[in-house]
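Report on the structure given below.
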Amino acid sequence: MMAANQVYEGAIKRIEVMAQDEESSLEKDQLHEIYRQMILARKFDEKAFKLQRRGEVSTYAPHKGQEASQIGAVFAMNDDDWMVPSFRETAAYIARGAPLDKLFQRWMGDARGQKDLENDLPVAIPVGTQNLHAVGIGMAMSFDEEEKAVVGFTGDGSTSEGDFHEALNFSGVFDAHSVIVVQNNQYAISMPVEKQTNAETIAQKALAYGIEGIQVDGNDVLAVIEAMNEALEKARNGEPVLLEAVTYRLEDHTTSDDSTRYRDEQEVEEWKEHDPILRLKDYLKENDQWDESLEEYEEKAEEKINEAANKAMEVEDPEMEEMFEYVYKEMPDLLKKDKKELEEVEK
Amino acid sequence: MPEKMNIVEAINAALHDELENDEDVLMYGEDVGEDGGVFRATKDLQEEFGEKRCFSSPLAESGIVGTAIGMSLYGKRPVPEIQFSGFSYLAFHQIKEHAARFRTRTRGTKEVPLTVRAPYGGGINALEHHCESPESYFAHAQGLHVVIPSNPQDAYSLLRKSIQLDDPVVFLEPKQTYRAFKEEVERDPDAAELESSKVIEEGKDVTLVAWGAMVPVAEEAAETIDADVEIIDLRTIYPTDFDTVIESVKKTGRCAIVHEAPKTGGFGAEIAARINEQAILHLEAPVERIAAPDVPYPLYSLEDYYMPDENQVKKGLENVLEF
Ligand SMILES: Cc1ncc(C[n+]2csc(CCOP(=O)(O)OP(=O)(O)O)c2C)c(N)n1
């Protein structure tokens, strides 16, 4: 009951599965597939780090610790749904089926690696701005009355950007078919989420825009899937959702960052106990769904990753023309002249 | 059958005809729906085409352009309106770093066929930020087309061409001349081409380059002096048709450029530099720029000093001719 002098009352639901000892409705082979994807993504991360140390990759943004949020979200999606990622969504791309060698190639600074998947946008570097693209896609789906949805990923730091708020506002006004997933990994580079916003949760920001906000344990892949199933069903009906996945970045912000400067080891150790991969493994064991083949998969995943990385490293650097090729549909005369001049100097 | 229209009517007609021509075309922005936009450029379109094709949106420039990018990636052909170009900077990031880059970013697999319309320029006794000429900022954003018509026929045809283009366009409309004069307009998109400037008056003594609301000023100034002035309407700021200008300068040996934006870094600087690179041996005099001073656009009691007028253009032409 609302008090007489109140004008609005809202609440945010939190979804947990593993911590509640609830059982998942997923089949055993689905659970195994999710586990394998998480392992593959983790191995990619480790490899990319090594390649950066060897100078093959210039900067890499690791997703270690966030595999459940990303892979869980993608698992709930259909192929014809759209994905609008930010820059830390390599695990999500892997789960969407992006070729591993192409992902490496992009991190190696070769744009040919980012030729996108049909329904997925490429990496977006300017923080928060991509949320508007997700909502625009969701608006178009709504206008066309299609039973599809778009899933956008963004970070806790990005929720301070104007574009994040404009995106939520437009989504509500135009019944966009969008789910904006905020991976609250506790830090925006060195800025802890407590200093980023005075709000207790990020999910509650949805209430101001008249859309649904859900918080989920982002290290519990089964909870993420459950929350996403609910969110996607709403979004397909023109009810956009803001979903906050509470998680933790176990690594540095990027390979150029040193997170020991701004967070203490004990905190990291505590979160390591909630590592989403360990949690799924424990869950599977406790529910008699574990299979030794999953242990063996680690080696296979490593092989796959090494193969992909080698393939990417073998690719010749792009030709200079690449730079001019896709600026306009038809190359304007001005660019043709620029290109010719550069060719002559480089000869 | 040609009809008599002013510029804003020609824009309205172009929007109407594109809505009819392609069902993916839609338009939105602040007050664009019921109200038809504050300048009535979208007048009656909602009534005829419905609320999904022409509608008012929340007051948020980045939101308007950013969501339009999403829609265009999904296959729509949005034509968002920014109420005044002085507020386009709130969407500048979306226009420059996203709309202009998606083709490159996706190696040509995705495109953003978006036309951002905005009234621009001064001369209407308006408030602060209602008078800016931001064409140079957008011209420096590779991947964009920047178009400025100066008359009803070009406004009609260039807007239709812009909407049909599979690349993003910033379409700046000279609001001072929105209703200044009427002209016969052929409802034919091919009556003007993008990426091409136009010699609107031939002459052999001096080349005068102008765009937008400065074109009528250039024409009037040219009439007051005793010389044969070749006037070029640049029409498309970027990708620029420098060739027409260079050809003309090679013929006349002299050039003056007039624009509303402040001189430093204004697009006139780029034109002068190209002439320097490609036609310096043909020059009889330094290229003259007639532009606004390097001050913020003033409140309107001073705007007559700020905007280049017939006298300033005349003086500029004399400088070049008498050098
Ligand atoms: C608009 C913008 N400002 C600044 C940056 C530099 N920058 C890159 S990542 C980052 C922090 C982002 O934090 P968050 O949104 O929480 O995402 P996370 O890195 O935690 O995944 C910053 C400031 C940027 N990329 N874009």
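All chains are named by letter (A, B, ...) in the order of the sequence lines, taking the proteins before the strands, and each is independently numbered beginning at 1.
In this structure, the separation between CD on B/Glu51 and CZ on A/Phe143 is 10.0 Å, given to the nearest 0.5 Å. Annotation: the span from A/Lys337 atom NZ to B/Gln278 atom CD amounts to 5.5 Å, rounded to 0.5 Å. Taking CG of A/Asp163 as the reference point, atom NE2 of B/His93 lies at 7.0 Å (rounded to 0.5 Å). Distance check, rounded to the nearest 0.5 Å: CE of B/Met71 to CE of A/Met139 gives 3.5 Å. Here the CG atom belonging to B/Leu144 is positioned 6.5 Å from the OH atom belonging to A/Tyr328, to the nearest 0.5 angstrom. Of the inter-residue distances, the one linking B/Thr67 atom OG1 with A/Phe170 atom CZ reads 5.0 Å to the nearest 0.5 angstrom.
Of the listed residues (A/Leu335, A/Val123, A/Val327), the greatest number of heavy-atom pairs within a distance under 4.5 Å of chain B belongs to A/Val327. Here A/Ile137 is the residue among A/Asn131, A/Val150, A/Asn169, A/Ile137 with the most heavy-atom pairs under 4.5 Å with chain B. The candidate with the highest count of non-hydrogen atom pairs below 4.5 Å against chain B, out of A/Thr129, A/Ile125, A/Leu132, is A/Leu132. Annotation: maximal heavy-atom pairing with chain A below 4.5 Å, among B/His145, B/Gln142, B/Glu97, occurs at B/His145. By number of non-hydrogen pairs under 4.5 angstrom with chain A, the leading residue of B/Ile64, B/Leu165, B/Leu26, B/Leu90 is B/Ile64.
Heavy atoms of B/Ala68 lying under 4.5 Å from chain A are absent altogether. Only the side chain of B/Arg274 comes within contact range of chain A, judged by heavy atoms closer than 4.5 Å. For A/Ala167, no part sits under 4.5 Å from any heavy atom of chain B, backbone or side chain. Heavy atoms of B/Ser57 lying under 4.5 Å from chain A belong to its backbone as well as its side chain. With a 4.5 angstrom heavy-atom cutoff, A/Asp144 touches chain B only via side-chain atoms.
Within 6.0 Å of CG in A/Asp79 there are 12 or fewer heavy atoms belonging to other residues, nucleotides or ligands. The local environment of CD in A/Glu321 is crowded, with over 12 non-hydrogen atoms from other residues, nucleotides or ligands closer than 6.0 Å. By the 6.0 Å contact criterion, NZ on A/Lys311 is open, its count of non-hydrogen atoms from other residues, nucleotides or ligands being 12 or less. The number of heavy-atom neighbours closer than 6.0 Å to CD of B/Glu47, taken from other residues, nucleotides and ligands shown, is 12 or below. Heavy-atom contacts from other residues, nucleotides or ligands closer than 6.0 Å to CD of A/Glu147 number 12 or fewer.
Ionic pairing of A/Glu145 and B/Lys52 is present here: one or more N-O contacts between side-chain nitrogen and carboxylate oxygen are shorter than 4.0 angstrom. Between A/Glu322 and B/Arg107, at least one side-chain N (NZ, or NE/NH1/NH2) sits under 4.0 Å from a carboxylate O, which counts as a salt bridge. Under a 4.0 Å N-O distance rule, the pair B/Asp166/A/Lys329 qualifies as a salt bridge.
In the model, B/Gln94 has a side-chain atom that pairs as donor or acceptor with a side-chain atom of A/His133 under 3.5 Å.
Taking every heavy atom of both residues into account, A/Val173 and B/Pro58 meet most closely at CG2-CG, 4.0 Å. A/Leu334 and B/Tyr238 get closest at one heavy-atom pair: CD1-CE1, 3.6 Å.
Between the side chain of B/Lys110 and the main chain of A/Glu118, a donor-acceptor pair closer than 3.5 Å is present. Of the possible donor and acceptor atoms, none in the side chain of A/Asp333 sits under 3.5 Å from a partner among the backbone N and O of B/Asp241. No donor-acceptor pair under 3.5 Å is formed between the side chain of A/Tyr326 and the backbone N or O of B/Arg101. Remark: side-chain polar atoms of A/Gln114 are not paired, donor with acceptor, to backbone N or O of B/Thr106 under 3.5 angstrom.
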How far apart are the C-alpha atoms of B/Tyr74 and A/Glu146, what are their side-chain angles, what is the distance that settles it, and do they pass the side chain to side chain donor-acceptor pair (under 3.5 Å) test? CA-CA 12 Å; B/Tyr74 197 71; A/Glu146 289 175 321; 2.4 Å; yes

